[in-house]
Number of protein chains: 2
Amino acid sequence: MSQERLRGPFVTAADIAEHAGVSRSAVSRTFTPGASVSSAVRARVLEAAGQLGYRVNRLAQSLTNARSNIVGLVGTDFHQPFHAECLATLSATLLADGFQCMLLNAANAESDMGAIIERVLDYRVCAIVVMNGTPPSHIVKECLDNGVPVILVNKPMPGFAVDTVVTDHAGGGRAAADRLLAAGCRRLAVVSSGARTASLVGRLEAFRDRAAEAGVCVRVWEEGPTDYGAGREAALTMLADDAIDGAFCVTDLLALGFLDAARLDRGRRVPDDLSVIGFDDIPQAAWNAYQLTTFRQPVRLLTNQVMQVIRQRAENPATPHAVFTLPAGLVVRMTVRGLAAQEGKP
Amino acid sequence: MSQERLRGPFVTAADIAEHAGVSRSAVSRTFTPGASVSSAVRARVLEAAGQLGYRVNRLAQSLTNARSNIVGLVGTDFHQPFHAECLATLSATLLADGFQCMLLNAANAESDMGAIIERVLDYRVCAIVVMNGTPPSHIVKECLDNGVPVILVNKPMPGFAVDTVVTDHAGGGRAAADRLLAAGCRRLAVVSSGARTASLVGRLEAFRDRAAEAGVCVRVWEEGPTDYGAGREAALTMLADDAIDGAFCVTDLLALGFLDAARLDRGRRVPDDLSVIGFDDIPQAAWNAYQLTTFRQPVRLLTNQVMQVIRQRAENPATPHAVFTLPAGLVVRMTVRGLAAQEGKP
DNA sequence: ACCCCTTTTGCACGCGCGTGCAAATACCGA
DNA sequence: TCGGTATTTGCACGCGCGTGCAAAAGGGGT
């Protein structure tokens, strides 16, 4: 058994063909679903394969098929809770469905995203999913030219032949305004970041529009990164004067930083003095120190929709492209006045 | 230009050889570093490649080389902050070094970890990194038999020809005990989970041993998952009676849950009544609502060490296997009595 | 102009696999 | 026993690429 290994580190189909006394085609057919092999031959092949530890070389396989079943997963900031959750969910689903995930972490923001996507094209991936961040449009075009479908999550790119799966940011923003207005807040603020991505802007503008309809004007914070520290910064600055009683933070991370600074540094009582609403519903929002009322991004639904698009486009590349919009549901906790989980309204 | 595309969706080396009026070998050599091509031919090839959008097919390339430059990244619970950080850091580093990452998310604990690792073997990966969780030993053996190096992070597997990169859990546990004892705590507890992984047990036992040396006995909690909720559970139960003034939570997530329940549900003042130390130094530990004193896992160092092992073993597979132990440094914040960040000791 | 040495080029083969095609075998009814 | 059909098997080729080998081309010294 150890003598048979001489040919190389990996066992090849020719090896077990010889070992089983059949042709190499027979081996190939044994591992090809729906191919024609007698059960006797199949049995001998399987036994030899088991003994020698044979595994089909998917590299060579993909070479013949002109396409692998690898999906490229592109994104930034995978260490952030929301992105991490998306990644974990999507990768688990893809694996369960028989795909392989190639992870493309564009760590240095979008600067190198293009180069990284180009590299994965070399592996003839069957799809590229952009989970966050904005890929350069000429790269998207290059993917499409090469026949690789591109699926964008939360980043519409009008005019490109891509599939898009987005949360209803505008709906969430509008509902957030509704809730704060209903809680009696009249001095509103919205806290966003300098990133100005489509999702953040979408939430912000819908919030502002709805407030404007109600005749309430909104103070806007749009600086720095999209993280905890920036949320604190916003609160420290905006709450220096006393003019805000309701804040919509376009991200939970911002909201948690905002909450901490509001309570600990600026002495606000939440929700009595100040109501806060976030967006995403990351795990930390549910922690007892925060109990943040927020909108949940339907990660499971987003993931399933992405999967469906991938499968659909794999079997019929000519499927028309579409934008799928999924609803963001309110998760009621303790940071909005008069709106509390598990309690009657006061 | 559109007429040249007829051959198939992907442009092949033969296409641009024809287009540039040279042999296919010349094309191949143009894209092979160190090969012999005249600058005139190289220029013509590069121009044709640019026009037609040619990219070397790495699948076919790996077929010849008998090995790809894909690294398999195996793990569970990538949505947890610490694991997410490891994944983000390692994947970014690998990409920057010219490798590709194949993500293997063993979502359903270790049950399917074996099957998932086997699948990635089919892609002739050049290494497999197990970032957390325990792979079945027969699978590890199978990888090694196929000549694929296995690198384990924080999971020693004595008796296997693998490389191991671990944080000094025991050192951290011992130092944690030192700190709590120095703070005057005499009624100690250690909070762990039912997972009983090597890292958690290592921290726990070192803590208990050091306490025993000081003649202090330790109450141990070892139930449930390794998350925020379990930390709360531990505090709710253990702090029902009044007997604890110092707790070492073997994970930050546990510590944060423990802190919330201790303060909000059990009315303890931290650090006056109760000192708490965590482990990992996840971003949330630094948040103002917590300010958790904890031990930092040297993620950067772990990552660099993993990289070094991969490179080393790629160029010389016969390198002897080793265990690399990296130190865990204390991060002083506000949850240990008499030990505070940015302040003189009282 | 000639020879020798260096560099470049093309040919041909193999990497491991899937598959069309024709030969070979098995099966069945008369 | 035989003819006819259904099934199985092996051969040979191609997928896209890297590379050893020999032929061709270039360069320099006499």
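A, B, ... follow the sequence lines: proteins, then strands. Residue 1 opens every chain.
Of the residues near DNA chain C, A/A13 and B/S39, the one whose nearest nucleotide (by heavy atom distance) lies more toward the 5' end is B/S39. Residue A/A26 is the one, among B/N65 and A/A26, whose nearest nucleotide of DNA chain D lies closer to the 5' end (criterion: closest heavy atom). Projected onto DNA chain D by closest heavy-atom contact, B/R29 and A/G21 fall at different nucleotides, the more 5' of which corresponds to A/G21. Heavy-atom distances to DNA chain C give each of B/L63 and B/V41 a nearest nucleotide, and the one nearer the 5′ end belongs to B/V41.
Between A/E47 and A/R42, no side-chain nitrogen of the basic residue sits less than 4.0 Å from a carboxylate oxygen of the acidic one, so the salt-bridge criterion is not met. Taking 4.0 Å as the cut-off between side-chain N and carboxylate O, B/E118 and A/R55 count as a salt-bridged pair.
Looking at heavy-atom distances under 4.0 Å, A/S38 makes contact with sugar-phosphate atoms alone, never a base. Among the heavy atoms of the strands, none lies under 4.0 Å from B/F31. Across all strands shown, A/S36 has heavy atoms under 4.0 Å from base atoms, whether or not it also approaches the sugar-phosphate. Using a 4.0 Å heavy-atom distance criterion, A/V27 is classed as making no nucleic acid contact. Contact annotation for A/T64: base contact, defined as any heavy-atom pair under 4.0 Å involving a base atom.
When every heavy atom of B/S68 is checked against every heavy atom of B/Y123, the shortest pair comes out as OG-O, 3.5 Å. A/A84 and A/F78 get closest at one heavy-atom pair: CB-O, 3.3 Å.
Stacking of A/R124 on the aromatic ring of B/F10 is recorded, both the 6.0 Å distance cut-off and the 45° axial limit being met.
Bending across the helix from C/dA1-D/dT30 to C/dA30-D/dT1, expressed as the angle between its end axes from five pairs apiece, amounts to 40° (10° rounding).
Scanning for salt bridge (charged side-chain N to carboxylate O under 4.0 Å, His left out) contacts around A/R300 gives an empty result, with sequence neighbours left out.
Checked against the 6.0 Å centroid threshold, A/Y54 and A/F31 count as a close aromatic pair.
Here the range on DNA chain D touched by chain A, meaning any atom under 4.0 Å from one of its heavy atoms, is D/dT8 to D/dG16.
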Taking it one step at a time, do B/N154 and B/Q297 satisfy side chain to side chain donor-acceptor pair (under 3.5 Å)? CA-CA 10 Å; B/N154 277 342; B/Q297 285 214 53; 3.1 Å; yes
Assess whether side-chain contact (heavy atoms from CB on, under 4.5 Å) is satisfied between A/D112 and B/L95, documenting all intermediate values. CA-CA 11 Å; A/D112 45 15; B/L95 257 63; over 6 Å; no
